[in-house]
Amino acid sequence: MSLFGAVSSCSRLCSGVWLLKPGMQKMSSLHTAARCAARDYYQVLVLGGGAGGIAMTARMKRKVGAENVAVVEPTETHYYQPMWTLVGGGAKQLVASARPMGSVIPKGVEWIKSRVTALDPDKNCVWLENDIKVSYKYLIIALGISLHYEKIKGLPEGFNYPKIGSNYSVQTVEKTWRALQDFKEGNAIFTFPNTPVKCAGAPQKIMYLSDAYLRKTGKRSKANFMFNTALGVIFGVKKYADALLEVIKDRDIAVNYKRNLIEVRADKQEAVFENLDKPGVTEVHQYEMLHVTPPMGPPAVLVNSPVSDEGGWVDVDKETLQHKKYSNVFGIGDCTNLPTSKTAAAVAAQSGVLDKTISLVMKNEIPVKKYDGYTSCPLVTGYNKVILAEFDYNAQPLETFPIDQSKERATMYHMKADMMPLLYWNALLKGYWGGPAPVRKLMHLGLK
Ligand code: FAD
Ligand code: UQ1
């Protein structure tokens with residue numbers, strides 16, 4: 001979609017006043033889309049057009065009317081990232097995970113096609129590219145988590161070589177499938193970094209799919225599988241960790257804990273790991289296939305921002321999602337310091353809570369609805385098997401279905417591969433899916 005096609009009705013937007021930082025000249029080279037996009041004030045301003053940003057934009061449109069809401073998002077395409085596990089494993093096409101950004105932004109809401117460069121919550125405004133200022137009454141921050149391939153020596157340029165892929169980025173996810181198809185003989189290595197990540201199960205899901213693919217194609221006996229993780233455990237919730245360790249034993253996979261990828265020598269097909277238990281000690285492994293989960297961190301704009309904690313994450317109340325200091329600022333999703341696992345499922349549950357929180361704040365009332373930390377990770381363990389992990393802030397299982405979800409099940413694979421995309425595009429992004437709590441209550445009626 002073209003820049004102008006993407007921004008709904010350019011002409012009606014251009015009446016806005018441009019505010020420049022003191023001492024700045026108004027530039028003739030203002031970012032075209034931003035120039036035609038923004039008014040200088042919106043009642044609700046949403047930063048980020050990912051899962052959380054679009055879900056909240058849809059909800060805010062219903063609350064205050066489309067003309068009073070704007071969303072700042074620089075990219076042209078919205079991706080359903082959870083599908084990338086299956087894209088890397090060759091079970092879905094990348095194109096199926098993508099929709100034009102303009103098609104997911106609710107009609108009538110302003111799309112400010114620009115990047116946020118600074119936040120000034122004391123003055124109720126943000127700065128965009130080209131020093132454009134937009135003010136707000138309420139601000140929702142949904143900027144996601146940033147990938148840092150460049151923190152691994154030899155990357156990202158190493159992705160120009162074969163045998164290496166990464167499901168975490170749109171540029172590299174198809175390379176995973178290529179590497180898997182090209183596999184001949186040797187080590188298949190899967191990594192997990194020493195930073196917070198989104199979807200903490202994804203680094204191992206692709207390993208199980210790769211194992212299944214090589215078994216199907218008769219090459220598994222020629223492969224040595226290795227999960228090199230910076231963590232000291234396979235998964236943070238005991239019930240699912242126990243189940244995964246059984247899977248790992250069954251599939252003949254070696255797990256090396258406290259191993260952190262620090263360098264890729266893609267020309268030689270070598271991966272270098274530091275041993276986090278033995279400072280200074282490194283290990284070099286030859287690979288026939290390498291799947292990289294990159295280090296991640298808060299978006300640059302949030303680092304040292306007044307809305308962030310010392311780690312750079314948006315500092316929100318863990319139950320209401322309201323900012324701890326600025327009562328008209330809210331955060332959702334991967335960019336927040338909510339102490340739960342960062343997933344779209346968590347975003348869904350958070351969107352329902354945040355909707356209620358903002359409603360009450362708008363009426364000058366105290367937010368009451370409490371987020372319990374619900375998050376979920378469909379742990380794909382084969383082309384028709386999923387362990388459906390669901391849990392809360394206390395790392396206690398919070399399961400939707402009245403069955404043992406730690407068992408590998410084909411029904412759960414079907415739910416992950418075929419039902420979840422529909423739920424995402426048609427319910428979460430439209431602001432109608434606040435997580436499975438009501439389904440859970442219904443499913444467990446009479447069981448207590
Ligand atoms: P995002 O959806 O990442 O959106 C952030 C948005 O902010 C982006 O559109 C970005 O362009 C924009 N942005 C960034 N910086 C700026 C800026 N300066 N100015 C303006 N805009 C900006 N979740 C599940 O629930 N289940 C799964 O099975 C699952 N599997 C996954 C597998 C993989 C391989 C990956 C990568 C993710 C997976 N996830 C899964 C996680 C899920 O996709 C994320 O947790 C979810 O998308 C988070 O939503 P968000 O809105 O916080 O961030
Ligand atoms: C979920 O709500 C969600 O967001 C739409 C996901 O992201 C794609 C998920 O992976 C999961 C598992 C859920 C939870 C939903 C149910 C019905 C258990």
Side-chain angles (χ1 to χ4, degrees), residues 46-56 71-89 97 101 104 112-119 126-129 140-147 166-170 172-173 176 197-203 205-206 291 293-294 296 298-302 314 331-336 338 340-352 374-380 386 388-390 398-401 405 412 415-417 419-429 433-440 443:
V46 180
L47 307 183
I54 297 297
M56 288 316 298
V71 56
V72 182
E73 167 61 54
T75 68
E76 293 275 358
T77 311
H78 182 108
Y79 289 100
Y80 175 60
Q81 300 168 41
M83 195 178 278
W84 291 349
T85 292
L86 303 180
V87 175
S97 71
M101 190 61 72
V104 298
I112 304 177
K113 192 173 177 301
S114 184
R115 185 170 288 279
V116 186
T117 56
L119 290 86
V126 302
W127 293 91
L128 309 180
E129 290 167 312
I140 299 173
I141 308 172
L143 292 170
I145 190 169
S146 289
L147 307 178
S166 175
N167 289 357
Y168 274 85
S169 115
V170 66
T172 55
V173 56
T176 307
V197 296
K198 52 182 154 185
C199 197
K205 298 178 199 179
I206 184 58
H291 179 268
T293 300
M296 301 179 207
V301 66
L302 293 177
V314 182
I332 184 168
D334 296 355
C335 67
T336 65
L338 294 167
T340 193
S341 185
K342 298 178 188 298
T343 65
V347 163
Q350 291 162 19
S351 70
Y374 174 84
T375 189
S376 171
C377 190
L379 294 155
V380 179
V386 157
L388 182 61
E390 293 180 280
L398 194 56
E399 299 185 341
T400 301
F401 304 100
Q405 291 185 194
M412 295 303 167
M415 194 194 71
K416 151 83 187 161
M419 308 302 290
M420 280 303 140
L422 296 175
L423 191 67
Y424 182 89
W425 297 115
N426 302 315
L428 175 63
L429 293 192
W433 176 245
V439 184
R440 183 173 67 239
M443 290 278 180

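Ligands are counted one by one from 1 in listed order, and the atoms in each one are counted from 1 as well.
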Quiz item: With atoms numbered from 1 as shown, which atoms in ligand 1 lie under 4.0 angstrom from a non-hydrogen atom of Gly333?
Solution: 52 (O)
Exercise. Pick whichever of Leu143, Val46, Val72 has a heavy atom sitting closest to atom 17 (C) of ligand 1.
Key: Leu143
Quiz item: Quick one: side-chain contact (heavy atoms from CB on, under 4.5 Å) partners of Pro82, sequence neighbours excluded?
Solution: Tyr80, Ala344, Lys416
Quiz item: What is the nearest protein non-hydrogen atom to atom 23 (N) of ligand 1, stated with its residue, atom name and distance?
Solution: Ala344 N, 3.0 Å
Quiz prompt | Protein heavy atom at shortest distance from atom 36 (C) of ligand 1 | solution = Tyr168 CD2, 3.5 Å
Quiz prompt | Distance from atom 39 (N) of ligand 1 to nearest protein heavy atom, with residue and atom | solution = Cys199 CB, 3.5 Å
With the criterion set at N/O pairs under 3.5 Å, what does the list of contacts between the protein and ligand 2 look like, atom names and distances included?
from	atom 1	to	atom 2	distance (Å)
ligand 2	2 (O)	Trp433	NE1	2.8

Exercise. Look at ligand 1 and say whether Lys416 reaches it with a heavy atom at a distance under 4.0 Å.
Key: yes
Quiz item: What protein heavy atom sits nearest atom 26 (N) of ligand 1, and how far off is it?
Solution: Pro378 CD, 3.8 Å
Exercise. Go through the structure and list residues passing salt bridge (charged side-chain N to carboxylate O under 4.0 Å, His left out) with Glu399, not counting sequence neighbours.
Key: Lys239
Quiz item: Taking N or O atoms only and a 3.5 Å limit, does Ser114 qualify as a polar contact for ligand 1?
Solution: no
Quiz item: With Pro294, which residues qualify under side-chain contact (heavy atoms from CB on, under 4.5 Å), at least two apart?
Solution: Leu147, Tyr149, Ser166, Tyr168, Met296
Quiz prompt | Nearest protein heavy atom with distance in Å, relative to atom 2 (O) of ligand 1 | solution = Ala51 N, 3.1 Å
Quiz prompt | Under 3.5 Å: N/O of Ala202 near N/O of ligand 1 | solution = no
Exercise. Among all protein heavy atoms, pick out the one at the shortest distance from atom 34 (C) of ligand 1; state its residue, atom name and that distance to 0.1 Å.
Key: Asn167 O, 3.5 Å
Quiz item: Donor-acceptor pair, Lys113 side chain versus Pro74 backbone, under 3.5 Å?
Solution: yes
